[in-house]
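Please read the structure below before turning to the comments.
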Amino acid sequence: MRSSTLTALMFSASVMASPIMVTVLDEIVKTAVVLEVVTVHQGANQAAPTQATSVVVNIDAVQAQEPADIAISVAPVATETSTPSTNGLPLTYQPNLDTESATYQGLVLLNHNVHRANHSVSELVWNSTLATYAEEIAKTCFYNHSKAAGDGDYGQNIGAGIEAGNISALITNIFYDNETEYYPQPYGQEAPDRSAFESWGHFSQMVWSDTTSVGCYTYDCSPASQPTTQDCNASGQPYLANTKCGPTGGTPAVFTVCNYYPEGNIAGEYQAVKAPVGHGIVQMTENGLMGPDL
C-alpha cells in the first residue's frame with residue numbers, strides 16, 4: 001500500500017517570539033510574503049486580507065507520497081486514548097516545553113480541534129500508542145516519513161526546525177494556515193485533483209472527518225553542547241539527517257512527527273474534507289495563539 005504521509009513545510013519568520021526557526025527546503029525554493037492576518041477560517045465568500053508585512057520567508061515544497069488507495073480498518077495495537085485538558089493552556093511560545101507533558105499534548109489537541117470545529121467534524125483525542133510510534137520515528141533523527149513503528153496503520157505529518165514550545169506554530173500556521181487556500185475546490189469532491197497534493201495534504205489530514213485520534217512527538221536531535229539554531233554541520237555533527245545543511249541556513253535539528261488514526265487522505269474518499277463554516281481567523285503570532293475560538 002502507498003502511504004498517505006506528507007512532508008511538512010519548514011518555516012522561519014520574525015512574527016513569532018521564538019528562537020530563529022530556519023527553513024531550508026528541498027527541491028524548489030519559493031518566496032512568499034507573510035500576511036499580517038493569515039487566511040484561515042474564512043467562509044467561501046469572504047475576501048482574503050490584502051495587507052502584507054515586509055517579512056519574507058522561504059518556502060520549499062517537498063513532494064508528498066501518494067495518498068493511500070484504501071482505508072485502514074485495524075486500530076493500532078494496544079491503543080490508549082485520553083483527552084488532556086485544553087483549558088488554561090499557555091498560548092505563547094514555551095521554551096523548554098516537555099514533549100511528554102500534558103501541556104504539549106493539550107496544545108496538540110487544541111491546535112487540531114479549533115480547526116476541525118471550523119470544518120464541522122468531531123474533536124480528536126490523544127492517542128498514546130501513536131505518540132509512542134511518533135517518538136520512535138522522531139528519535140531516528142532522519143527527516144523522512146516512516147511507518148516502521150508499530151503496525152504502520154496510521155496517517156502521518158512531519159515537520160523540522162520548530163521546537164516543542166512552538167508546536168502551535170507548526171500545526172496552526174504551517175499544517176493548516178499555509179495550506180487551506182490550495183485545497184482543490186469545491187469541497188465535498190470524492191476525487192479532487194491531487195496534482196498539487198504536497199501543497200495541502202497536511203491540512204486535509206488534520207480535518208479528515210473519519211480521523212479520531214492523534215499522537216505527536218517532538219525531538220531535539222542536536223548535539224547537547226550546541227543550540228539548535230546553529231549550522232546543521234556545526235562541529236562536524238549533522239544536525240538533522242536528510243535536510244539541507246549549510247553555514248547560512250542549516251535546518252535546526254528538531255524533528256516533529258504526528259500520527260493519525262484512522263488514516264486520512266484516502267483516494268476516492270475526500271468527501272471527508274468538509275467546507276469551513278467561517279468561525280474566524282486563528283493564528284500563532286508574536287503575542288501567542290490568537291483567535292475568537294480560543
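Computation of the quantities below employed the complete heavy-atom set of this structure, encompassing side-chain atoms and omitting hydrogens, waters and symmetry-equivalent molecules.
Residues Tyr176 and Phe203 bring their aromatic ring centres within 6.0 Å. Within the 6.0 Å centre-distance limit, the rings of Trp200 and Tyr270 are counted as a close aromatic pair.
Under the 4.5 Å side-chain criterion, counting only non-hydrogen atoms from C-beta, Leu289 is in contact with Leu110. In this structure, Ser122 and Arg116 have side chains that are in contact, with non-hydrogen atoms separated by less than 4.5 Å. In this structure the side chain of Val207 never reaches within 4.5 angstrom of the side chain of Ser209, judged on heavy atoms. Annotation: side chain of Thr172 is in contact with side chain of Asp177 (closest heavy-atom distance under 4.5 Å). Put simply, the side chain of Glu135 reaches to within 4.5 Å of the side chain of Glu100, judged on heavy atoms. Contact check for Tyr104 versus Ile167: side-chain heavy atoms found under the 4.5 Å cut-off. With a 4.5 Å cut-off on side-chain heavy atoms, Leu109 and Val125 do not count as touching. Leu130 is listed as a side-chain neighbour of Ser213, based on a closest heavy-atom distance under 4.5 Å.
Put simply, NZ on Lys274 and CG on Asn118 are 13.5 Å apart, with the number rounded to the nearest 0.5 Å. Between the CG atom of Leu107 and the CG atom of Leu170 there is a distance of 12.0 Å, given to the nearest 0.5 Å. Met284 contributes atom CE, which lies 10.0 Å from atom CD1 of Ile162 (distance to the nearest 0.5 angstrom). Atoms CD and CD1, from Gln156 and Ile137 in turn, are 4.5 Å apart once rounded to the nearest 0.5 Å. Between the SG atom in Cys258 and the NE2 atom in His112 there is a gap of 5.0 Å [rounded to 0.5 Å]. Taken to the nearest 0.5 Å, the OH atom of Tyr133 stands 9.5 Å off from the CG atom of Asn259.
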Chi angles and distances behind the side-chain contact (heavy atoms from CB on, under 4.5 Å) call for Tyr183, Gln185:
CA-CA 6 Å; Tyr183 189 78; Gln185 300 298 307; 4.1 Å; yes
Stepwise side-chain contact (heavy atoms from CB on, under 4.5 Å) check, Phe255 with Ile158:
CA-CA 8 Å; Phe255 189 9; Ile158 65 174; 3.9 Å; yes
Between Glu179 and Glu181, is a side-chain contact (heavy atoms from CB on, under 4.5 Å) present by the stated rule, with each step listed?
CA-CA 6 Å; Glu179 298 192 6; Glu181 65 181 294; over 6 Å; no
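Across every non-hydrogen atom of Ala160 and Tyr143, the tightest pair is CB-CE1, 3.5 Å. Ala138 and Cys221 make their closest contact through O-SG, 3.9 Å (heavy atoms, listed as atom of the first residue, atom of the second, distance). Closest heavy-atom contact between Ile174 and Asn178: O-CB, 3.4 Å. Residues Cys216 and Ala134 approach most closely at C-CB, 4.0 Å, considering heavy atoms. For Pro192 against Pro184, the heavy-atom pair with the smallest separation is CB-CG, 3.8 Å.
With Glu263 contributing its side chain and Tyr260 its backbone, the two residues share no donor-acceptor pair below 3.5 Å. Checked by atom type and distance alone, the side chain of Asp220 never pairs as donor or acceptor with a backbone atom of Val254 at under 3.5 Å. Under a 3.5 Å cut-off, the side chain of Gln94 and the backbone N or O of Thr92 do form a donor-acceptor pair.
A chain of hydrophobic side-chain contacts below 4.5 Å, direct or via other Ile, Leu, Val, Met, Phe, Trp or Tyr residues, connects Leu97 to Leu91. Residues Ile266 and Val214 share a hydrophobic cluster, clusters being chains of Ile/Leu/Val/Met/Phe/Trp/Tyr side chains in contact below 4.5 Å. Using a 4.5 Å cut-off between side-chain heavy atoms of Ile, Leu, Val, Met, Phe, Trp and Tyr, with links allowed through other members, Met206 and Trp126 fall into the same hydrophobic cluster. The hydrophobic clustering, which links ILVMFWY residues whose side-chain heavy atoms are closer than 4.5 Å, places Val114 and Leu124 together.
None of Thr211, Asn265, Asn157 except one satisfies the side chain to side chain donor-acceptor pair (under 3.5 Å) rule with Gln205; the exception is Thr211.
For the pair Lys147 and Tyr154, the distance from NZ or CZ to the six-membered ring centre is under 6.0 Å and the angle to the ring normal is within 45 degrees.
Grouping Ile, Leu, Val, Met, Phe, Trp and Tyr residues whose side-chain heavy atoms lie under 4.5 Å apart, directly or via other members, places Tyr217 in a hydrophobic cluster with Tyr219.
Ring pair Phe175/His202 is parallel by interplanar angle, where below 30° counts as parallel and above 60° as perpendicular.
Counting heavy-atom neighbours within 6.0 Å of Tyr187 OH, excluding the residue itself, gives a total above 12.
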